[in-house]
Amino acid sequence: MNGADTVFILVSAALVMFMTPGLALFYGGMTRSKNVLGTIMQSFICLGIITLVWILWGYSLSFGKDIGGLIGGLNFIGLKGVGMEPSPDYASTIPHLAFMIFQGMFAIITPALITGAFAERMKFSAFLLFTILWTTIVYSPLCHWVWGGGWMGAMGALDFAGGAVVHMSSGSAALAAALVIGPRRGFGKRSFVPHNLPMTLTGAAILWFGWFGFNAGSALAINGLAANAFVTTHIAAAAAAVSWIFIEWMHHGKPTTLGLASGAVAGLVAITPAAGFVGPLSALVIGFAGGIICFYGIHLKSKFGYDDSLDVVGIHGLGGVWGALATGLFASKMINPDGANGLFFGNPSQLWIQFVSVVATCVFSFVASFVLLKIVDSIIGLRVNDEDEEQGLDLSEHSERAYQL
Amino acid sequence: MNGADTVFILVSAALVMFMTPGLALFYGGMTRSKNVLGTIMQSFICLGIITLVWILWGYSLSFGKDIGGLIGGLNFIGLKGVGMEPSPDYASTIPHLAFMIFQGMFAIITPALITGAFAERMKFSAFLLFTILWTTIVYSPLCHWVWGGGWMGAMGALDFAGGAVVHMSSGSAALAAALVIGPRRGFGKRSFVPHNLPMTLTGAAILWFGWFGFNAGSALAINGLAANAFVTTHIAAAAAAVSWIFIEWMHHGKPTTLGLASGAVAGLVAITPAAGFVGPLSALVIGFAGGIICFYGIHLKSKFGYDDSLDVVGIHGLGGVWGALATGLFASKMINPDGANGLFFGNPSQLWIQFVSVVATCVFSFVASFVLLKIVDSIIGLRVNDEDEEQGLDLSEHSERAYQL
Amino acid sequence: MNGADTVFILVSAALVMFMTPGLALFYGGMTRSKNVLGTIMQSFICLGIITLVWILWGYSLSFGKDIGGLIGGLNFIGLKGVGMEPSPDYASTIPHLAFMIFQGMFAIITPALITGAFAERMKFSAFLLFTILWTTIVYSPLCHWVWGGGWMGAMGALDFAGGAVVHMSSGSAALAAALVIGPRRGFGKRSFVPHNLPMTLTGAAILWFGWFGFNAGSALAINGLAANAFVTTHIAAAAAAVSWIFIEWMHHGKPTTLGLASGAVAGLVAITPAAGFVGPLSALVIGFAGGIICFYGIHLKSKFGYDDSLDVVGIHGLGGVWGALATGLFASKMINPDGANGLFFGNPSQLWIQFVSVVATCVFSFVASFVLLKIVDSIIGLRVNDEDEEQGLDLSEHSERAYQL
Amino acid sequence: MKKVEIITRPFKLDEVKESLTKLGIKGMTVTEVKGFGRQRGHKEVYRGAEYQVDFMPKVKIEVVIEETLLPEVLQAVQEAARTGKVGDGKIFVFPVDDVIRIRTGESGREAI
Amino acid sequence: MKKVEIITRPFKLDEVKESLTKLGIKGMTVTEVKGFGRQRGHKEVYRGAEYQVDFMPKVKIEVVIEETLLPEVLQAVQEAARTGKVGDGKIFVFPVDDVIRIRTGESGREAI
Amino acid sequence: MKKVEIITRPFKLDEVKESLTKLGIKGMTVTEVKGFGRQRGHKEVYRGAEYQVDFMPKVKIEVVIEETLLPEVLQAVQEAARTGKVGDGKIFVFPVDDVIRIRTGESGREAI
Ligand SMILES: Nc1ncnc2c1ncn2[C@@H]1O[C@H](COP(=O)(O)OP(=O)(O)O)[C@@H](O)[C@H]1O
Ligand SMILES: Nc1ncnc2c1ncn2[C@@H]1O[C@H](COP(=O)(O)OP(=O)(O)O)[C@@H](O)[C@H]1O
Ligand SMILES: Nc1ncnc2c1ncn2[C@@H]1O[C@H](COP(=O)(O)OP(=O)(O)O)[C@@H](O)[C@H]1O
């Protein structure tokens with residue numbers, strides 16, 4: 001066991017944990033004030049419920065003994081055999097528990113990301129059921145495919161910190177959710193404007209801060225690669241924040257703070273799969289392009305008429321796809337000898353591998369999520385009734401009001 | 001000196017420091033908007049005033065040369081002899097200064113916890129005086145008893161991160177305070193509803209985040225035990241958040257975000273004494289039960305008619321008691337060979353020891369706090385006058401208004 | 001490469017990164033609600049734009065091969081040669097990239113500090129241009145002088161974590177900005193009261209938290225000195241918070257929460273240059289005096305009639321000057337053998353050196369900033385027009401409103 | 001001249017505004033208010049304490065018009081604001097003595 | 001019909017509401033306002049700058065009633081809202097021309 | 001007695017208040033409102049979606065006075081509130097039937 005590695009991973013795990021309430025604020029600020037608590041709740045409760053799912057069976061399905069490259073076995077169920085000693089298979093210099101909890105934080109935030117798609121209208125009970133099922137049936141297998149010894153990792157797909165596992169999966173699920181649950185009442189007619197942008201910016205700041213743990217921590221040890229991932233993460237966020245506000249300056253005449261925050265998150269998403277495979281200047285390009293791609297990405301919803309309320313598809317879905325492909329372009333063995341070279345470093349086949357991983361992830365998550373949502377809908381109904389939606393989720397689902405200033 | 005251990009403790013100290021403003025937000029959001037600054041102030045100023053108390057005499061009374069098992073000597077007064085070298089007695093792999101400041105952060109947050117009991121009506125001057133006296137006369141001895149070489153530690157009482165020192169002590173003081181200062185004007189008649197729940201949730205998030213430093217840091221070195229404490233902390237918080245909202249769902253028809261936050265804090269309190277002595281599944285049970293116990297605990301105040309405004313007794317008091325006893329049930333030498341086995345691991349006597357420590361802590365803190373409050377009351381009066389209370393502490397005690405939106 | 005040192009610096013860098021949004025909240029809460037987004041934007045965008053400046057040329061100008069003691073060469077342009085290996089010149093136990101990004105976070109927050117001086121009236125475009133120029137022409141040289149092998153460091157001036165580089169430089173630029181841009185409409189006639197003090201206090205909390213990374217991280221390795229810097233930082237913040245509220249209690253009859261926050265920041269500023277050169281009790285004095293000095297410092301603006309909206313001159317300028325001089329008084333080789341003794345430890349010449357560094361820094365930054373502002377003014381105009389100012393920057397510069405509660 | 005004061009559901013504001021604009025009305029003033037009426041309120045729960053809240057969020061729209069417009073306005077507002085469920089609100093009509101436009105000093109009808 | 005407008009201390013809202021409900025009044029509309037009057041305001045201090053604030057938080061309760069109820073209403077409100085200290089506020093009575101219930105289109109007395 | 005209702009720009013509040021105080025007026029009540037009028041609103045943009053907002057922040061100042069003071073008040077308010085640009089707002093004058101001071105029970109003129 002290495003002390004420095006262990007500190008690094010525990011601190012990283014704490015940072016990633018902090019991202020989920022950060023996300024709650026990021027999303028919460030963008031809703032109308034009658035739905036802010038309902039929105040915060042959906043993120044925050046993942047810290048509760050997914051933690052339990054993770055330790056009881058999720059971790060085992062993800063990292064248990066490989067079964068056909070598809071799913072982990074049940075050997076770690078209830079954390080059996082996951083103790084203070086390092087695991088021989090994963091992160092061999094830190095306590096197995098530290099690896100488990102670090103990974104758990106990823107499992108927590110991923111379904112929380114999806115909530116942006118169905119914000120302001122989903123029943124809390126249906127949300128809970130969906131989220132438990134989703135973590136079990138979509139997240140855990142995907143996580144296994146990429147990091148747990150499954151086929152996608154074996155194929156050579158590069159995903160440093162969760163471009164596929166976290167972002168494409170949640171982005172695709174978000175699209176399914178937006179389609180299944182349908183638009184908010186008044187979508188396209190009334191205006192849905194953020195009720196508290198300082199809250200959203202605070203959330204974005206916490207996300208950025210926590211993402212250092214997310215990406216650098218994914219080196220799973222403290223070394224030059226971790227420092228590189230830290231730096232590429234920061235640069236991509238910065239570049240995307242800048243490119244987003246410049247492009248909206250062009251289009252709408254003004255740069256906005258919501259654009260700044262959105263751009264930063266887009267950049268962070270885009271660099272996630274690449275952070276430990278590319279160098280700083282590649283990160284600059286990935287981030288810069290990420291800001292632009294996601295800026296246009298969020299306009300898809302008005303084109304296609306689905307109501308992805310807080311732009312999960314546009315930012316996490318598209319940003320994740322771009323990041324995965326960009327890894328196939330910019331990856332370099334000079335940065336990470338355990339990785340691969342991308343197209344720009346002479347290895348076009350990596351781009352193909354990345355492309356396959358993108359398609360597989362998106363199709364799997366979209367289809368499985370779609371089915372799960374339909375099932376949950378038929379059991380308990382996904383959506384609150386019209387009157388409750390009009391009154392807002394805070395009162396109708398939680399008997400609370402956010403502000404009494 | 002060990003570098004990794006030192007990073008771990010300094011980062012943990014920073015995290016625990018961050019908890020005090022986190023608490024300020026947690027509490028501040030629950031008050032009415034005319035008292036939010038007064039409430040934040042009472043937490044935040046502890047970072048100022050208790051820091052000074054701690055370095056001038058508090059640390060010495062807590063960790064100075066033992067005097068009869070009751071109190072530390074004056075040898076560390078003004079941090080004399082507390083330097084960059086490790087102390088031979090405490091945390092021998094990190095600079096003595098690092099140990100001192102880590103402990104100082106606990107001394108800071110403990111009196112801040114009490115403020116929830118007398119929120120919205122206490123004079124700032126009286127609060128300051130009480131807090132200085134309390135840290136000197138209640139906290140420092142208690143801290144010495146448990147961690148500084150005093151009788152409670154010698155007896156074998158297990159308190160990993162402050163179930164007695166921090167939570168039972170503040171919970172008991174809170175009960176004394178609620179009784180001495182009396183209920184808020186209109187208690188039981190008017191409605192006292194939280195003015196800003198997103199603020200409270202933000203505070204809860206910071207508390208959760210910081211608690212990793214609080215509990216894992218209490219291993220005082222980076223090792224498997226620290227990882228275990230990290231994991232048990234997270235699990236207990238998650239389990240209690242879930243159990244609280246489910247039980248209120250049953251009772252009131254809806255799960256609430258304030259319930260979620262309260263449950264998380266209850267779980268964190270409950271696991272505090274146990275974090276380094278029990279395994280993950282025990283933490284699950286401790287947390288789950290903690291959420292339920294504290295949920296019912298907060299109803300005591302309506303039963304007995306005292307006005308513990310923000311439920312310090314119900315959450316920190318009861319949660320702390322449950323955690324201490326639970327340590328006597330679930331502790332296992334397999335987790336921590338330096339600890340002890342609890343009842344469920346074949347050692348009933350540990351439960352008795354824990355019980356004694358609970359009674360001693362609660363009685364001592366309650367009685368001493370009661371007396372101190374009476375003294376302060378007779379010198380400067382504890383309570384603002386009726387008109388000032390009606391106007392709110394922000395204006396009457398601080399000449400400020402929180403919001404001018 | 002040392003693992004523990006690397007964790008320490010990466011975590012410190014993350015903490016310093018977090019300070020910039022912390023500053024955004026600290027400042028944002030103090031403005032009127034129609035300008036909160038504009039104010040947050042000016043801090044937050046530094047995370048974007050200055051990151052790019054820093055990696056493209058700023059780092060090289062600061063830490064590139066020394067040219068005549070005045071500026072760094074272009075050898076690190078675009079991070080050429082800045083990789084995972086430690087640099088032989090700086091922080092030789094951590095990846096060069098880690099050192100670079102840690103320093104980058106300082107470069108980001110420094111221009112953000114200046115924004116408090118011209119809050120509520122500056123054009124965003126002019127601000128952007130000014131900030132890019134300022135980082136290039138003022139910050140980078142100054143940073144080189146002190147830490148990059150330049151004349152000021154060679155002269156023996158002590159600046160542990162940026163008293164000159166960060167605080168005096170931004171404070172002097174702030175004075176120039178307040179003079180060039182002129183007072184807000186209605187200054188001295190209408191009342192400018194903070195619109196959201198809980199936001200300001202949250203910001204102050206994040207600043208305090210992050211400052212541990214700022215000051216302790218400046219040890220650039222984890223060791224006793226880092227612990228010392230951590231402790232002195234905390235003590236000075238505490239002492240200044242206390243002294244500020246006591247002095248305003250005397251003057252205005254009440255202690256305020258804004259005073260508490262302001263005092264804490266003043267103490268943090270004052271200890272910045274000294275943190276690794278002085279002991280805990282010296283820190284107590286430095287902080288305590290810092291609170292008092294800055295309390296009176298903020299009244300200069302009403303005396304001299306300039307409108308330094310959020311008191312950058314009074315707090316960062318004066319606090320920085322006091323800290324630099326105090327380092328010349330309290331520095332001790334017993335704390336840091338690589339440092340020097342100050343006046344109180346028998347070496348009056350150090351005070352003189354510090355004095356020279358103060359004068360040089362302030363004059364350079366003031367004059368250069370003044371000229372830059374005049375240039376920017378003549379190119380695109382510094383100030384929004386009257387109507388836009390009346391409407392508020394949020395709408396006029398960013399087409400957004402902060403709150404729709 | 002008359003002042004028409006419309007108290008109705010917040011989300012009906014835009015529709016009422018439109019319907020008034022269509023009648024050529026160029027100005028109105030809107031206030032967020034809390035209404036107590038036949039419409040039942042809701043329950044709130046904070047840490048196990050239940051509170052019954054009787055006040056519902058409403059908007060008050062005030063518009064001063066020439067008397068001749070009154071019937072049309074009343075008609076239009078009712079159409080725009082009606083949902084048919086309890087809580088639709090009220091329209092009050094008040095007499096007005098005078099109106100002045102501050103900018104120009106005009107008064108009476110021209111000032112509306 | 002008359003409109004009674006009560007401007008009083010915020011914490012008296014519930015008592016005034018109760019007293020009106022007791023008289024059988026089924027509807028009222030409440031606005032948060034700032035009042036300037038004989039009651040002195042307070043001082044605020046921000047970074048050493050002192051501001052005198054003359055406006056006090058008040059609530060305005062508007063209730064339209066049948067004229068016959070007026071004396072009782074005035075009586076009841078005064079009893080409920082009076083503390084005897086400066087700042088208790090005012091009651092204004094205004095003439096009303098008409099009332100319409102949007103939901104049903106009823107007007108006049110039945111609409112109240 | 002008359003009620004004068006002034007709807008004007010928020011930053012003019014202090015000046016209007018001063019001008020009224022100078023006339024010996026001792027009380028008034030202020031509400032934050034949103035005004036729709038000839039003054040054009042502004043555009044807001046959130047994630048690329050543009051919204052036209054027609055409502056401008058205004059204040060409503062209500063002051064009940066003796067009829068004899070009316071001309072002076074109208075004069076003073078116009079002077080204080082006028083900027084000459086669109087959006088200066090309106091003054092409405094309404095009849096008042098009665099005024100009661102809650103604290104003392106006085107009514108009519110003495111209660112103002
Ligand atoms: N007598 C009244 N005076 C003033 N406002 C009233 C009165 N009656 C009703 N209101 C306002 O009208 C709103 C709607 O009234 P309510 O009785 O709930 O439904 P409806 O108008 O459909 O009968 C109330 O919330 C209140 O704001
Ligand atoms: N002439 C007036 N016009 C409108 N509102 C008034 C007038 N006089 C008083 N008010 C309102 O009544 C409130 C209480 O008045 P004040 O003079 O402070 O106390 P009191 O009513 O006890 O004499 C004021 O804050 C203001 O809102
Ligand atoms: N007929 C009206 N009824 C009620 N309020 C009005 C009316 N006309 C204007 N207002 C109020 O007066 C404000 C200013 O009116 P506007 O037409 O913009 O400018 P001006 O008063 O300079 O002509 C509006 O925002 C609105 O609040």
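Chain identifiers are assigned alphabetically (A, B, ...) following the order of the sequence lines, protein sequences preceding nucleic acid strands; residue numbering begins at 1 within each chain. Only a predicted model underlies this, so the values are computations on that prediction, with no experimental measurement involved.
- Heavy atoms closer than 4.5 Å to chain F are found nowhere in E:Val4, neither backbone nor side chain.
- Proximity to chain E involves both the backbone and the side chain of F:Val96, based on heavy atoms less than 4.5 angstrom apart.
- Scanning both residues, E:Pro95 and F:Pro95, for their nearest heavy atoms gives CD-O, 3.6 Å.
- Contact annotation for F:Leu20: neither backbone nor side-chain heavy atoms come within less than 4.5 Å of a heavy atom of chain E.
- Between chain F and the residues E:Glu5, E:Lys58, E:Glu32, E:Lys3, the most heavy-atom pairs under 4.5 angstrom are made by E:Glu5.
- At least one side-chain heavy atom of F:Arg101 sits under 4.5 Å from a side-chain heavy atom of E:Arg38.
- For F:Glu106, no part sits under 4.5 Å from any heavy atom of chain E, backbone or side chain.
- Of all non-hydrogen atoms in F:Ile102 and E:Ile7, the two that sit nearest each other are CD1-O, 4.0 Å.
- A 4.5 Å side-chain heavy-atom check between F:Ile100 and E:Gln78 finds at least one atom pair inside the cut-off.
- Neither the backbone nor the side chain of E:Leu70 comes within contact range of chain F; no heavy atom of the residue lies under 4.5 Å from a heavy atom of that chain.
- Annotation: F:Lys43, atom NZ; neighbour count of heavy atoms from other residues, nucleotides and ligands within 6.0 Å is above 12.
- Contact of F:Thr104 with chain E is made through the backbone alone, with heavy-atom distances under 4.5 Å.
- Nearest heavy-atom pair across E:Asp88 and F:Arg103 is OD2-CA, 3.5 Å.
- Your options are F:Thr21, F:Leu13, F:Val63, and the one with the most heavy-atom pairs under 4.5 Å with chain E is F:Leu13.
- For E:Lys85, the part lying under 4.5 angstrom from a heavy atom of chain F is the backbone only.
- The CZ atom of E:Phe94 lies 10.5 Å from the CG atom of F:Asp98; values are rounded to the nearest 0.5 Å.
- Of the two parts of F:Ile61, neither the backbone nor the side chain holds a non-hydrogen atom closer than 4.5 Å to a non-hydrogen atom of chain E.
- Taking a cutoff of 4.0 Å between a charged side-chain nitrogen and a carboxylate oxygen, E:Asp54 and F:Lys17 qualify as a salt bridge.
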